[in-house]
Amino acid sequence: MVEHDLRRRGVRDPRVLEAMRRVPRHRFVPGMPVERAYADRALPTAEGQTISQPYIVARMTELLHVDPGVRVLEIGTGSGYQAAVLATLGARVVSVERSPALAERARQVLADVLGEIEAVEDGDAAVRVVVGDGTLGWPEGAPYDRIMVTAAAPSVPEAYREQLADPGLIVIPLGDREQQYLTVIQRREGQFVQTRDTGCRFVPLVGEAGWGE
Ligand code: SAH
């Protein structure tokens, strides 16, 4: 998967590639044959949600520039797979999920898996999964050095700019319900600069500052 789907498609950051090698993706999709879990496709999780294709997970992680010890806010815990990749890079992650059932399952898998694998770099890595409407961010843990949104948003919720440290980075799929672009928002000396990366397709970010049900 790392050679064929990630490196060849242009993911270059060696730390990201190593983290993708270490996190056992099949553990986050119970009941799926192991080979299928590593195909470069999105996979179904519980509750009609999806776990992104490995290429998108790797690309988003690369765009987020995760140094050891950074404080990351992830929106949309889902299976917990992306959070595990971030923690393996040494991030301290707060991950917000609106579904209590998904959050509970992700907590268990993360506790098992993160206990077994070795971090690429250890920066007090940890994942805290919380339940709530992630379109409002998670003010208690702010400011965050990085914010990663793993559901499709119509625009950047105001809370993210407010809860982002300076300097800081947001990676978010922006677009309509069908098609989005990974978008990077960089904050530096009070200014926000937005750039667009690859096309993608995520499930909708549902909430007060996202899409309606
Ligand atoms: N990062 C996940 C994939 C996320 S799929 C992984 O690695 O598996 C998108 C997730 O966002 C779903 O679990 C969905 O329930 C969640 N979601 C949608 N709107 C949300 C909101 N407003 N706040 C928190 N989570 C939300």
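Every number for a ligand or one of its atoms is a count from 1 in the order of the listing. Just the heavy atoms: all of them, side chains too, but no hydrogens, waters or symmetry mates, feed the values below.
In this structure the side chain of Arg201 reaches within 4.5 angstrom of the side chain of Glu178, judged on heavy atoms.
Within a 6.0 Å sphere centred on CZ of Arg128, other residues, nucleotides and ligands contribute 12 heavy atoms or fewer. For CD of Glu116, the number of neighbouring non-hydrogen atoms (other residues, nucleotides, ligands) closer than 6.0 Å is greater than 12. With a 6.0 Å radius and a threshold of 12 heavy atoms from other residues, nucleotides or ligands, Glu140 has its CD atom above the threshold.
Of the options Asp197, Val171, Asp13, a side chain to side chain contact (heavy atoms under 4.5 Å, CB included) to Glu62 is made by Asp13 and by none of the others.
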As a test of reading the model: which N/O atoms of the protein lie under 3.5 Å from N/O atoms of ligand 1, and at what distance?
unit_1   : atom_1 : unit_2 : atom_2 : d
ligand 1 : 1 (N)  : Glu74  : OE2    : 3.1
ligand 1 : 1 (N)  : Gly76  : O      : 3.0
ligand 1 : 1 (N)  : Thr150 : OG1    : 3.0
ligand 1 : 7 (O)  : Gln82  : N      : 3.0
ligand 1 : 8 (O)  : Ser79  : N      : 3.0
ligand 1 : 8 (O)  : Ser79  : OG     : 2.6
ligand 1 : 13 (O) : Glu97  : OE1    : 2.7
ligand 1 : 13 (O) : Glu97  : OE2    : 3.4
ligand 1 : 15 (O) : Glu97  : OE2    : 2.6
ligand 1 : 19 (N) : Val206 : N      : 3.0
ligand 1 : 22 (N) : Asp133 : OD1    : 3.0
ligand 1 : 22 (N) : Val206 : O      : 2.7
ligand 1 : 23 (N) : Gly134 : N      : 2.7
ligand 1 : 25 (N) : Arg98  : N      : 3.2

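Contacts of Arg22 classified as salt bridge (charged side-chain N to carboxylate O under 4.0 Å, His left out), with partners at least two apart in sequence or in another chain: Glu18.
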